[in-house]
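First up is the structure itself, then whatever we jot down about it.
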Amino acid sequence: MNDTTKVEFCSKPWIAAARAYLLGESRDADLTGVDVTFNEVFTDPPAHLDPDGVGRIGWYLRVTDGQVEVGEGILPHADLRLTVDYATVLPAARWLSSDPPLPEATQVALGKAIQREGDAEAMAAVPWMAGLHDAMAVRTR
């Protein structure tokens, strides 16, 4: 994915770009026996990203039966779900792994704010997801 057009974090265009990246990265992957669901949930998002006013938005990756699905929403079950306040995670969403480290205060705030539910080891089945953060960081505004 060479497009660097900026899109708002976790907006429909952002999720579409994440989908394009993940579908491209998984194209040649052996998905035999892979059954995993990942969900990121963001609390207190900007009102225009939360038209229903529920105070939570999210995106997910689901791999099952050899198919990769990336979509908008919060699933009732995920093998791994990360939940964090939108404003708290936004600086990290824009940070590239090649950048200088995030300020220590930001790292501490993130460490305290991110709620993890499920099994992080489940994500070992989708190693092609590893580059998603940097691919999206260059596009995130």
Pairing residues for His48 by the side chain to side chain contact (heavy atoms under 4.5 Å, CB included) criterion, not counting sequence neighbours:
Glu8, Pro46
Where the side chain of Trp59 meets the backbone of Ile74, is there a donor-acceptor pair that is under 3.5 Å apart?
no
Give me each pair satisfying salt bridge (charged side-chain N to carboxylate O under 4.0 Å, His left out) with a member in residues 127-137, each pair once, sequence neighbours excluded.
none
Treat each ILVMFWY residue as a node, draw an edge where side-chain heavy atoms are under 4.5 Å apart, and state whether Tyr21 and Val138 are in one component.
no
Between Asp65 and Gln67 (side chain of the first, backbone of the second, donor and acceptor by atom type, cut-off under 3.5 Å), is there such a pair?
no
Starting at CH2 of Trp95, measure out to OG1 of Thr106 and round the result to the nearest 0.5 Å.
11.5 Å
Could you tell me whether the side chain of Ser11 and the main chain of Trp14 form a donor-acceptor pair under 3.5 Å?
yes
Note: Ala113 and Thr88 closest approach over all heavy atoms is CB-CG2, 3.9 Å
Could you list who else is in Val54's hydrophobic cluster, with ILVMFWY side chains joined at under 4.5 Å, directly or through other members?
none
Rounded to the nearest 0.5 Å, what separates atom CH2 in Trp128 from atom CG in Leu31?
6.5 Å
If hydrophobic clusters are built by linking Ile, Leu, Val, Met, Phe, Trp and Tyr wherever their side-chain heavy atoms come under 4.5 Å apart, do Val89 and Val41 end up in the same one?
no
Verdict with reasoning, Thr5 to Arg139, per side chain to side chain contact (heavy atoms under 4.5 Å, CB included)
CA-CA 6 Å; Thr5 303; Arg139 304 226 28 215; 3.7 Å; yes
In Å, rounded to the nearest 0.5 Å, how long is the span from CG of Asp79 to CD of Glu121?
12.0 Å
Any pair with a residue in residues 65-90 that passes ring pair (Phe, Tyr, Trp, His ring centres under 6.0 Å), sequence neighbours left out, goes on the list, sorted by first then second residue, please.
Phe9-Tyr86
With Tyr60 via ring-ring contact (aromatic ring centres under 6.0 Å, His included) - residues at least two apart
none
Quick one, Leu80 and Asp119 - any side-chain contact, counting heavy atoms below 4.5 Å?
no
Whether over 12 other heavy atoms sit under 6.0 Å from Lys6 NZ
yes
I'd like to check Gln115 versus Leu82 (side-chain heavy atoms, cut-off strictly below 4.5 Å). Are they in contact?
no
Selection residues 34-62 - residue pairs positive for salt bridge (charged side-chain N to carboxylate O under 4.0 Å, His left out), sequence neighbours left out:
Arg62-Glu69
Polar side-chain atom of Ser26 near backbone of Leu22 as donor-acceptor pair, under 3.5 Å:
yes
Exceeds 12 heavy-atom contacts within 6.0 angstrom, atom CG of Asp99:
yes
Hey, what do you get for CZ (Arg19) to CD (Glu72), rounding to the nearest 0.5 Å?
9.0 Å
Keeping the roles fixed (side chain from Asn39, backbone from Gly73), state whether a donor-acceptor pair exists under 3.5 Å.
yes
Under 4.5 Å between side-chain heavy atoms, hopping through other hydrophobics if needed: is there a path connecting Val34 to Met129?
yes
Could you check if a side-chain atom of Leu102 sits within less than 4.5 angstrom of a side-chain atom of Leu110, using non-hydrogen atoms only?
yes
Using modelled atom types and a 3.5 Å cut-off, is there a donor and acceptor pairing between side-chain atoms of Lys112 and backbone atoms of Gln107?
no
Are Leu75 and Leu132 linked, directly or through intermediate hydrophobic residues, by side-chain heavy-atom contacts shorter than 4.5 Å (ILVMFWY only)?
no
Could you check whether any side-chain N or O of His133 sits under 3.5 Å from a backbone N or O of Arg94, counting only pairs where one atom can act as donor and the other as acceptor?
no
Does one hydrophobic cluster hold both Val126 and Met136, with members joined at side-chain heavy-atom distances below 4.5 Å?
yes
Output for pair (Ile114 CD1, Asp85 CG), nearest 0.5 Å, gives 11.0 Å
